[in-house]
There are 2 protein chains.
Amino acid sequence: MKKTTIHDIARELNITFSTVAKALNDHPRIAASTKEAVKEMAIKLNYQQNKLASSLRSGKTRIVGVLVPTLDVSFFSSVVHGIETVMNSNGYNILLYQSKELYADEIRGIDTFLQTRVEGIISSIALQTSDYNHFIDLKKRKIPLLLFDRIVDEIGVPYVRIDDYGGGFMATEHLIKQGCKRIVHISTDQNVTIFKERLQGYKEALIKHGLPVDDSLIFTGHLSIELGRNCIQQLVNENIEFDGVFAFEDYTGLGVLKQLKELKINVPEQVKVIGFANEAFGAHITPSLSTVDQQTVKMGEEAARLFLKLIKENKYYEKEPEKIVLDPLLIPRTSSE
Amino acid sequence: MKKTTIHDIARELNITFSTVAKALNDHPRIAASTKEAVKEMAIKLNYQQNKLASSLRSGKTRIVGVLVPTLDVSFFSSVVHGIETVMNSNGYNILLYQSKELYADEIRGIDTFLQTRVEGIISSIALQTSDYNHFIDLKKRKIPLLLFDRIVDEIGVPYVRIDDYGGGFMATEHLIKQGCKRIVHISTDQNVTIFKERLQGYKEALIKHGLPVDDSLIFTGHLSIELGRNCIQQLVNENIEFDGVFAFEDYTGLGVLKQLKELKINVPEQVKVIGFANEAFGAHITPSLSTVDQQTVKMGEEAARLFLKLIKENKYYEKEPEKIVLDPLLIPRTSSE
DNA sequence: GTGAAAGCGCTAACAG
DNA sequence: CTGTTAGCGCTTTCAC
């Protein structure tokens with residue numbers, strides 16, 4: 001059963017295929033009656049426009065490539081959810097590619113997108129990536145590229161992220177306002193900008209409130225529940241005093257809570273704790289974990305909207321790249337109140 | 001800056017574009033030396049094959065449409081993660097569409113896929129959908145369709161799901177083995193097969209172990225934390241005895257735990273609780289919530305593999321639709337031990 | 001081993 | 001208002 005084409009419709013109606021094409025595209029100077037007849041026949045014959053042909057000819061695919069590390073992390077799937085929702089309601093479709101945090105796959109994804117002639121790419125950079133030429137190449141080729149969350153400034157393209165510095169500041173200041181004087185910060189040893197910014201926000205908040213920045217209270221390690229546990233154990237072992245903990249993300253904060261509970265140190269009475277990312281479990285554990293929300297769905301929506309706005313203006317790379325920085329949201333819960 | 005085509009390569013090398021095309025596709029009767037020259041020039045000119053043109057001509061897009069209710073639910077994003085991973089390593093790409101649980105959007109998604117000439121569709125049906133003709137039409141048009149999780153048998157296509165009946169049986173039997181005699185089941189009023197199956201498994205487990213199926217212990221409502229809370233409150237208000245609760249999914253189970261805690265009923269001593277779905281929070285709350293794991297990533301991987309196997313055989317609809325039923329995994333935690 | 005030619009299904013001038 | 005024509009960039013016979 002061959003697919004029906006505009007030629008089939010034309011034959012049935014005894015008109016030319018070009019008239020059919022125009023009728024289907026609501027071309028102004030086609031008679032209303034012909035349009036009606038054509039559209040009726042299209043339905044009758046189960047016609048489905050061949051977008052490949054149309055895209056090939058017109059040069060427009062209405063497809064945007066979305067390249068993310070993985071969908072198996074709620075942060076990314078939420079953002080992609082937001083992107084797809086906005087793109088969809090604007091007539092765009094999403095071609096999806098996961099880099100698995102790998103440099104080589106990131107390059108492969110971009111290649112695929114290029115071959116499919118996507119009208120642009122929205123991406124968050126893989127952890128493994130440290131050479132950004134594949135992204136810079138996109139810019140050189142004038143392929144619209146928009147980054148979110150894991151940004152690299154030197155690429156020089158529009159992006160959407162949250163204010164991680166502000167989030168770190170906000171979390172720390174919250175603990176200070178709750179009366180904490182010796183606040184621990186747990187971060188990562190990975191060289192990722194957003195985590196460094198949270199650390200910076202922590203330091204500035206301490207300084208603003210006249211508290212010392214004490215390096216013995218700053219820990220780093222590999223993102224995990226264990227990291228939180230280990231840091232607390234180490235603090236206790238070394239008899240280091242502390243009354244607050246700001247973990248750079250919620251799983252580490254969870255480890256902190258678990259270890260404190262095991263050591264019978266009361267939260268929030270003796271130690272107050274706050275995490276970062278607003279993972280689903282935080283609201284439901286005991287004590288519930290204070291955190292900073294990253295507005296993930298909104299991040300996706302804003303990314304899509306900014307992208308659409310910029311390609312509509314048709315001068316994507318002609319001016320200073322536009323940047324959207326979303327405000328993090330403080331979510332105080334039992335662990336810090 | 002126009003995109004480079006095989007004609008550009010041909011011109012540079014003083015051969016015809018048709019030779020270039022064959023060289024790039026590793027056609028057997030092209031000289032190794034020409035192939036080399038062509039490929040070198042392709043790289044030098046930054047050539048990217050135009051898949052639109054190639055797909056239009058060859059009739060193969062290597063694109064599969066993935067239509068899911070939303071990516072904002074970890075179940076679906078995990079499955080899509082699995083699908084993309086397997087498809088990707090087999091040279092297929094994913095076009096993504098979210099139905100938002102809406103019938104109209106589901107139809108729109110299928111239409112889009114058809115227009116893009118995807119080689120098949122993998123989908124989980126929207127809750128709102130009760131008429132399945134858009135899916136049945138796909139089958140009539142010989143477009144490969146594979147369903148996962150939210151299955152409808154009458155559509156008559158291959159699918160992958162877990163054994164929800166077995167999962168319900170397993171959860172209930174687990175509570176019975178832990179000593180429960182009066183086990184509550186909380187389900188939904190929505191007409192969704194998988195939930196009905198869990199209910200059926202619950203009943204059969206009771207019967208197998210000589211326990212009565214008591215309708216006053218079976219509740220239904222709208223999936224939410226509140227549903228769990230309300231059911232417990234109602235049980236207590238009406239003085240109905242119970243020593244176990246099997247919630248049809250984890251959020252409802254969470255509500256159960258919360259309300260029991262509020263009423264100072266001890267878990268697991270007085271009442272044992274189990275949920276379903278293995279949501280991320282379950283392991284971290286207190287008490288941790290026993291549950292049934294649905295093997296989401298594996299479900300996606302199996303879906304993709306089955307799909308690929310069937311289209312490779314080139315007789316997608318020629319025999320009885322193949323079905324994969326994955327085993328649910330019992331995850332016992334504190335709430336039931 | 002390479003080339004010539006047709007055509008996938010559509011868009012978009014241009015003509016009439 | 002409708003028709004003619006020329007491709008978009010590739011695959012795929014068939015010829016030499």
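Only this structure's heavy atoms are used, side chains among them; waters, hydrogens and symmetry mates stay out. Proteins get letters first, then strands, A, B, ... in listed order; numbering begins at 1 in each.
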Point to revise | Comparing B/Lys22 and B/Leu52 on DNA chain D - which has the more 5′ nearest nucleotide | key: B/Leu52

Practice item. Nearest-nucleotide wise, let me know which of A/Ser18 and B/Thr4 is further upstream toward the 5' end of DNA chain D. Key: A/Ser18

Practice item. Starting from the 5' end of DNA chain C, give me the residue, A/Gln48 or B/Ala32, whose nearest nucleotide shows up first. Key: B/Ala32

Find the distance [X]:[atom1] to [N]:[atom2] and express it as a whole number of Å.
X       : N      : atom1 : atom2 : value
A/Leu24 : D/dC1  : CG    : P     : 17 Å
B/Leu56 : D/dT12 : CG    : P     : 12 Å
A/Phe17 : D/dT4  : CZ    : C1'   : 8 Å
B/Arg29 : D/dA15 : CZ    : C1'   : 11 Å
B/Asp26 : D/dT11 : CG    : C1'   : 15 Å
A/His7  : D/dG3  : NE2   : C1'   : 12 Å
B/Ile9  : D/dG9  : CD1   : C1'   : 12 Å

Review point. Taking atom OG of B/Ser33 and atom CD1 of B/Ile30, what is their separation to the nearest 0.5 Å?
Key: 10.0 Å

Point to revise | Distance (rounded to the nearest 0.5 Å) between B/Leu96 CG and B/Leu67 CG | key: 9.0 Å

Check your understanding: Where does the angle between the aromatic ring planes of A/Phe148 and A/Phe75 fall among parallel (under 30°), tilted (30 to 60°) and perpendicular (over 60°)?
Key -> tilted

What heavy-atom pair brings [X] and [Y] nearest, and what distance separates the two atoms?
X        : Y        : answer
A/Leu71  : A/Gln98  : N-OE1, 2.7 Å
A/Leu147 : A/Val152 : CD1-N, 4.2 Å
A/Ile125 : A/Arg150 : O-NE, 2.9 Å

Practice item. Please list, in 5' to 3' order, the outermost nucleotides of DNA chain C lying under 4.0 Å from any heavy atom of chain B. Key: C/dG1 to C/dG9

Check your understanding: Under 4.0 angstrom, heavy atoms only, what part of the nucleic acid is B/Thr34 near: base, sugar-phosphate, or nothing?
Key -> sugar-phosphate

Check your understanding: Hey, does A/Ala21 reach any base, or is it just sugar-phosphate, or nothing, if we go heavy atoms under 4.0 Å?
Key -> base

**Study point:** Phosphate OP1/OP2 of D/dG3 contacted by A/Thr16 side-chain N/O (<4.0 Å)
**Key:** yes

Point to revise | Short side-chain N/O contact to D/dT11 OP1/OP2 from B/Gln49, under 4.0 Å | key: yes

Check your understanding: Side-chain donor-acceptor pair under 3.5 Å between A/Asn90 and A/Arg305, yes or no?
Key -> no

